[in-house]
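Read through the structure below, which is laid out as structure tokens, and then see the notes.
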Amino acid sequence: MASPSPFPSPLPCDGDDDRVVEPRHWLMKIEPDECSIDELARLPGQTVAWTGVRNYQARNFMRDAMRIGDGVLYYHSSCPEPGIAGLAEVASPAYPDATQFDAASPYFDPKASPAAPRWLHVDVRFVRRTRQLGLAELRSHPELAGMALLRPGNRLSITPVTLAEWQAVLALLGVTEPA
DNA sequence: GCCAACGTTGGC
DNA sequence: GCCAACGTTGGC
């Protein structure tokens, strides 16, 4: 990666100390053709393996910064109504993406091997559907103007969401977080 | 289908 | 390490 990340650095790992680590929040894009929020709710365990990420920055978010339980804005992309369609949560640590070893997969990576995997992913669990919160509406709220998703030219499929952005989105969705 | 933005690749 | 070519993303 050539330039310093424009995103806040990951919080320190919670290895040695007993501090409670703030829950972090993410926006994860998926094409509803692959796994819409409705499909996610019907899957066994209501959990999907987030395979197919082939961008180092997105991979590094999963590998270095995500923790089980982190909140996820479930975003439908490349579809008639792009936008947030539900809430989810991180359900596993990052682990090797099996599709990189599968020559028949569109995500096959000939430079990867089980001994030296390049691509990782987490599992993501359904939390709830929400109303559709589309791009135009997201852009219309000044408190969301800084969202990584809304940056011109943004293409990252996984972006961090600040606590303030998370709370603002939930307020727009009329969702009250459990205590 | 268009196209702007951006990441990756590979020759030099 | 530069940088042009190419591929991909994703809203429109």
Side-chain angles (χ1 to χ4, degrees), chain A residues 1-10 24-41 48-66 70-88 90 94-124 126 129-162 165-166 168-170 172-173:
Chain A
M1 240 165 307
S3 53
S5 167
F7 301 108
S9 10
R24 271 147 306 202
H25 305 95
W26 308 93
L27 182 142
M28 300 178 76
K29 295 182 193 172
I30 193 160
E31 302 189 11
D33 284 353
E34 291 179 50
C35 184
S36 70
I37 189 74
D38 287 336
E39 288 174 46
L40 177 62
V48 63
W50 208 266
T51 56
V53 169
R54 295 293 181 269
N55 171 283
Y56 287 105
Q57 201 171 0
R59 179 201 69 181
N60 293 349
F61 284 141
M62 293 193 283
R63 184 189 64 188
D64 302 333
M66 279 188 179
D70 283 359
V72 172
L73 302 175
Y74 200 92
Y75 181 93
H76 287 173
S77 74
S78 294
C79 59
E81 290 186 81
I84 295 166
L87 303 181
V90 175
Y95 61 100
D97 181 338
T99 63
Q100 72 194 301
F101 312 127
D102 176 3
S105 166
Y107 299 118
F108 177 62
D109 182 345
K111 294 178 185 162
S113 69
R118 299 175 119 194
W119 304 111
L120 306 171
H121 66 88
V122 298
D123 295 343
V124 170
F126 175 80
R129 296 179 189 80
T130 64
R131 77 175 173 90
Q132 175 84 12
L133 180 45
L135 272 181
E137 187 178 353
L138 286 167
R139 283 193 223 280
S140 75
H141 293 281
E143 69 271 30
L144 300 179
M147 283 188 80
L149 171 76
L150 302 180
R151 276 204 253 287
N154 166 65
R155 284 171 20 200
L156 266 183
S157 60
I158 299 174
T159 49
V161 172
T162 66
E165 290 162 353
W166 173 262
V169 167
L170 263 53
L172 286 172
L173 294 170

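Values in this document were obtained by computation on a predicted structure and should not be read as measured data.
Aromatic ring centroids of A:Trp50 and A:Tyr74 lie under 6.0 Å apart. You'll find the ring centres of A:Trp119 and A:Tyr95 outside the 6.0 Å limit.
The residues A:Asp38 and A:Arg129 are annotated as salt-bridged, a charged nitrogen and a carboxylate oxygen being separated by less than 4.0 angstrom. We find that A:Arg131 and A:Glu137 are joined by a salt bridge, their nearest charged nitrogen and carboxylate oxygen being less than 4.0 Å apart.
Contact annotation: the side chain of A:Leu73 approaches that of A:Trp166 to within less than 4.5 Å [non-hydrogen atoms, C-beta and beyond].
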Nucleotides 2-12 of chain C: protein proximity per nucleotide (B base, S sugar-phosphate only, - neither; heavy atom, under 4.0 Å): -----BBBSSS

